[in-house]
Q: 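A single structure is presented below for examination.
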Amino acid sequence: MRISVQEAVFDPGAELSGFGAGRADVGGVVSFTGLVRDDTGTLEALEIEHYPGMTERAITAMVEEAISRWELADALVIHRYGRLDVGAPIMMVATAARHRVAAFEAAEFLMDYLKSRAPFWKKEVTRAGESWVAAKDADEEALKRW
Amino acid sequence: MRISVQEAVFDPGAELSGFGAGRADVGGVVSFTGLVRDDTGTLEALEIEHYPGMTERAITAMVEEAISRWELADALVIHRYGRLDVGAPIMMVATAARHRVAAFEAAEFLMDYLKSRAPFWKKEVTRAGESWVAAKDADEEALKRW
Amino acid sequence: MVDLLYFAWLRERVGVARESVETSAVSVADLVEELKARDPRYAAAFADTSVVRVALDQDLADFSAPLAGVKEIAFFPPMTGG
Amino acid sequence: MVDLLYFAWLRERVGVARESVETSAVSVADLVEELKARDPRYAAAFADTSVVRVALDQDLADFSAPLAGVKEIAFFPPMTGG
């Protein structure tokens, strides 16, 4: 497994290259990449704050749970902080498993937990000002399926 | 959208690079890569036969349905045929959407349909002989959720 | 004349990938009966039609589907893509 | 002495990211009451604790959790990662 909490931009394609590949026990690899979206055409940047120390600790616990629950061959989580441009990658999850259903479920589990249980906070910076992104009830609800 | 039915090996990472990136209306990209798995340690190769013409037609219909149903910004399907080595990529799906749930659902929908409604047939080649892979009831069942 | 295509183990049992036949069968099911009566290879291929799928002009169809106007009929086992 | 950390809008309202305080509070809830009584900045930050989360030594905890032995207490809004 690999976990990286970083300020630097990354290339999801380069990260996926070789992930879970060339081994006889992996039948499926799933990846999710989150990107900075601008719904209103006014977003200048997304600023992400996090809790150094707790972030890595919380993500490690989630990934370890996913690996044991879905018997993953490998798992990857990259999450950025700092100032991010529109269209840039925010974070990425990848899972490798014997079967596709396990790889999909584990990736969705990690996404749901990263959304609501990893200590990141997003702030939208627009020409009109800055505002903290509110957590959605639906994201908290999503945890109940696991 | 891009659909490729091809004999040549491909690099899932290179295919993911740039997919759905650099646009303001995409918040999530999901990819699935299927790889040749060897459960018994005796597999020499996987041979995939397909129905040229119908294959492209069937996949195009699935992708068009996924794009309209989940309002995808983009979709990609690559599927190989011919003789494939253990550990090699068989196929790949990628979806780009505003929200993560749509990207995940569309990718799973495409996978479920590719499994049971795209005209591909897999044969396992082992030292002991060759055998056609049987379709699983679970794969047919999986279509019912859509 | 209509083109018949066979894939995977159906192709292996029939012994050809493609053939053109003259038929007056009105449905897929009729055509299958015609073929089975013609040669043991077809009887073997179509012994259990619950594991045979059919496409008419490259669209999946039922065995009850009519053949009028159809140019290409493909028979194959349940698909195993992905 | 215990270290208090604040993130996102809690940090902005309290006005510091980190501070060390002397407290005899036995629970997180007690500590929050102590802080609110101390200065309007804390009263503003903790006005609605339903939108405040707490971590004790980097593990998520409830407001009823005891503080005995805890070295680092972090307050923050519901997380918005991913």
Side-chain angles (χ1 to χ4, degrees), chain A residues 9-43 46 73 85-101 103-105 107-112 114-115 136 138-139 141-142, chain B residues 9-43 46 73 85-101 103-105 107-112 114-115 136 138-139 141-142:
Chain A
V9 71
F10 65 93
D11 173 3
E15 299 294 343
L16 187 65
S17 280
F19 177 83
R23 6 190 328 170
D25 61 342
V26 171
V29 168
V30 167
S31 79
F32 176 87
T33 307
L35 301 150
V36 181
R37 200 180 68 237
D38 178 14
D39 285 334
T40 57
T42 61
L43 192 69
L46 192 67
D85 295 329
V86 173
I90 302 170
M91 50 75 61
M92 176 177 181
V93 155
T95 54
R98 299 181 79 76
H99 298 286
R100 81 182 187 287
V101 173
F104 270 115
E105 284 188 1
E108 290 176 75
F109 165 89
L110 286 171
M111 284 309 305
D112 286 347
L114 285 165
K115 278 270 164 194
K136 293 193 197 80
D139 287 334
E141 278 298 305
Chain B
V9 71
F10 66 93
D11 173 2
E15 299 294 342
L16 187 65
S17 280
F19 177 83
R23 11 191 321 171
D25 62 340
V26 171
V29 168
V30 167
S31 79
F32 176 86
T33 307
L35 302 150
V36 180
R37 202 178 67 238
D38 178 14
D39 285 333
T40 57
T42 61
L43 193 70
L46 192 65
D85 293 330
V86 172
I90 301 170
M91 50 76 62
M92 176 176 181
V93 156
T95 55
R98 298 181 81 76
H99 298 286
R100 79 184 190 286
V101 173
F104 269 116
E105 284 189 3
E108 289 175 76
F109 165 89
L110 286 171
M111 283 310 305
D112 285 348
L114 284 165
K115 279 269 164 193
K136 293 192 196 80
D139 288 334
E141 278 298 305

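A, B, ... follow the sequence lines: proteins, then strands. Residue 1 opens every chain. All values below come from the heavy atoms of this structure, side chains included, with hydrogens, waters and symmetry mates left out. Quantities reported herein were computed from a predicted structural model and do not represent experimental measurements.
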Q: Do A:Asp139 and B:Arg100 come within less than 4.5 Å of each other through their side chains, counting heavy atoms only?
A: yes
Q: Count the heavy-atom pairs under 4.5 Å between each of A:Ser17, A:Gly87, A:Pro12 and chain B, then report the option with the highest count.
A: A:Ser17
Q: Of all the heavy-atom pairs spanning A:Ala24 and B:Val86, show the shortest one and how long it is.
A: CB-CG1, 3.8 Å
Q: Can you say whether A:Asp25 sits under 4.5 Å from chain B via the side chain, the backbone, both, or neither, judging by heavy atoms?
A: backbone
Q: What closest approach, in Å, do B:Leu16 and A:Leu16 show between heavy atoms, and which atom pair accounts for it?
A: CD2-CD2, 3.7 Å
Q: Measure across A:Arg98 and B:Arg37 and return the closest heavy-atom pair with its distance rounded to 0.1 Å.
A: O-NH1, 2.8 Å
Q: Which answer fits A:Ala94, side chain, backbone, both or neither, if we ask what part of it has an atom under 4.5 Å from a heavy atom of chain B?
A: neither
Q: If you count heavy-atom pairs within less than 4.5 Å of chain A, which of B:Glu15, B:Met92, B:His99 leads?
A: B:His99
Q: So which of B:Asp38, B:Leu35, B:Thr95 has the largest heavy-atom pair count under 4.5 angstrom toward chain A?
A: B:Leu35
Q: Indicate the ring-plane relationship of A:Phe104 and B:Phe32, choosing parallel, tilted or perpendicular according to the 30° and 60° boundaries.
A: parallel
Q: Let's test your reading of the structure: which of A:Arg23, A:Met111, A:Glu108 forms the most heavy-atom pairs below 4.5 Å with chain B?
A: A:Glu108
Q: Taking every heavy-atom pair that is under 4.5 Å apart, which of B:Asp112, B:Val101, B:Ile90, B:Val93 has the most such pairs with chain A?
A: B:Asp112
